Amino acid sequence: MDEHPESARTAGGGLDRRAELSEFLRTRRARLKPQDVGLPDFGRRRVPGLRREELAQLAGVSVAYYTRLEQGNGRNVSAEVLDAIARALRLSDAEHAHLTHLAKPKQHKKKPPARGQQVRPALRHLLDSIDSVPAYIVGRRSDVLAWNRMAAALFGDWAELPPAERNWARLVFLRPEYRDLFVEWDQKAKDMVGYLRMDAGCHPDDPGLSALVGELSVKSEEFRRLWAAHDVKEKSYGVKRMRHPLVGDLTLSFETFRLVDDAEQSLITYHAEPGTPSAEALRLLASWGADATRAGAQSPTR
């Protein structure tokens, strides 16, 4: 067994699953203190977090076994052992799923190279029919695949961007106007990296994802820092505060609906609580439509 995990990327252009597994376990262990898990603390430590032997004790496995796993060797590990390690590391549901994807990857049948993710015509018609709620469909790597008129009014008309740039990670980290749009930009950026990390666990051999991570790592110091943390997150629901150049501040709730026939695509919607200033602002944006981002002196896509 090698003492150090392989390079972060494979020769085929994907992310190295062994290196990802190794770093994920190491960073999860480093964030725990002995007192967090009911263990005595015997003074200063050379590195932060639990020692490997302490984690192995909590999980009920041998130190040698856990060490091999943390070095990236997840072969033949059982689901029961992964569950025990997840409990010992206090992993969230998303982190537990990510650990399982890395340690016990599903065997995918080889497919011919895809031309790109396709959105069903019926879903495009559905988006067009939703005229009061910003909605869009996002795919693997957080690519924006389709959107409605209200999404263009709120986020900017993505039709003006080349297809390769219709990606939420690129928008958040590489386009300064989105820093102004999201009031809590730091949290949005952290969430974005968490989504990409989940994708990396499910599809470590995706060269497109590896290329995206490489590009963002070169162009954004903030992305590099967040990517190195190995935090993961599932797209779900929540609240976002925005500051639109035309209608000002909005507080919007968002929901994520994963498609039953394609788990790699999700429908995302944003809505405001009825009777609030945000609801009135959305109604104003609806009256402008896609022209909203071109009506003021500054646009979220410029």
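No hydrogens, no waters, no symmetry mates; every other heavy atom, side chains included, goes into these values. This structure is a prediction, so every number in the text was calculated from the model and none was measured.
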Exercise for review: Test the R166-W158 pair against the cation-pi criterion, namely NZ or CZ under 6.0 angstrom from the six-membered ring centroid and within 45° of the ring axis.
Suggested key: no
Review point. Which distance, rounded to the nearest 0.5 Å, do you find between the CG of L250 and the NE2 of H244?
Key: 7.5 Å
**Study point:** Salt-bridge criterion met for R31 and E95 (N-O under 4.0 Å)
**Key:** yes
Review point. Does the pair R170/E215 count as a salt bridge with the N-to-O cut at 4.0 Å?
Key: yes
Review point. Within the side chain of S210, is there an N or O that forms a donor-acceptor pair under 3.5 Å with the backbone of D206?
Key: no
Practice item. Give a yes or no answer on whether the side chain of R197 reaches the backbone of D231 with a donor-acceptor pair at less than 3.5 Å. Key: no
Exercise for review: May I ask you to say whether D36 pairs ionically with R90, meaning some side-chain N is under 4.0 Å from a carboxylate O?
Suggested key: no
Review point. Between D262 and R120, is there a side-chain N and carboxylate O pair less than 4.0 Å apart?
Key: no
Point to revise | Side-chain donor or acceptor of N148 paired with backbone N/O of V133 under 3.5 Å | key: yes
**Study point:** Electrostatic pair D93-K233, nearest N-O below 4.0 angstrom
**Key:** no
Review point. Considering residues, nucleotides and ligands other than E273, do more than 12 of their heavy atoms fall under 6.0 Å from its CD?
Key: no
Exercise for review: Considering only NZ, NE, NH1 and NH2 on the basic side and carboxylate oxygens on the acidic side, decide whether E184 and R241 come within less than 4.0 Å.
Suggested key: yes
Point to revise | D143 side chain vs L145 backbone, donor-acceptor pair below 3.5 Å | key: no
**Study point:** Option passing ring pair (Phe, Tyr, Trp, His ring centres under 6.0 Å) with W168 (candidates W147, Y195, F155)
**Key:** F155
Exercise for review: Please answer whether the main-chain N or O of Q118 pairs with a side-chain N or O of Q265 as donor and acceptor at a distance below 3.5 Å.
Suggested key: yes
Exercise for review: Please answer whether the main-chain N or O of R51 pairs with a side-chain N or O of E54 as donor and acceptor at a distance below 3.5 Å.
Suggested key: yes
Point to revise | Test log, rule salt bridge (charged side-chain N to carboxylate O under 4.0 Å, His left out), inputs R179 and D186 | key: CA-CA 9 Å; R179 291 176 181 262; D186 290 345; 5.6 Å; no
Exercise for review: Enter the distance from R258:CZ to K235:NZ here, rounded to the nearest 0.5 Å.
Suggested key: 6.5 Å
Exercise for review: Please check if the side chain of H98 supplies one atom and the backbone of H230 the other of a donor-acceptor pair under 3.5 Å.
Suggested key: no
Exercise for review: Answer yes or no: is there an ion pair linking R283 with E280, defined by an N-O contact shorter than 4.0 Å?
Suggested key: yes
Study note, to complete from the structure: OG of S236 to CD1 of I268, rounded to nearest 0.5 Å, is 9.0 Å
Review point. Is the backbone N or O of E70 less than 3.5 Å from a side-chain atom of S22, with the two atoms forming a donor-acceptor pair by type?
Key: yes
Check your understanding: What class does the angle between the rings of W185 and F173 fall in, given that below 30° is parallel, 30 to 60° is tilted and above 60° is perpendicular?
Key -> perpendicular
Exercise for review: Before accepting this row, confirm whether a basic side-chain N of the pair R17/E20 lies closer than 4.0 Å to the acidic partner's carboxylate O.
Suggested key: no
Point to revise | Separation of L89 CG from R28 CZ (nearest 0.5 Å) | key: 9.0 Å
Check your understanding: Under 3.5 Å, side chain of S142 to main-chain N/O of A169, donor-acceptor pair present?
Key -> no
Check your understanding: Is a side-chain N or O of S217 found less than 3.5 angstrom from the main chain of V213, in a donor-acceptor match?
Key -> yes
Check your understanding: Using 30° and 60° as the class limits, which term best fits the ring planes of F254 and Y270: parallel, tilted or perpendicular?
Key -> tilted
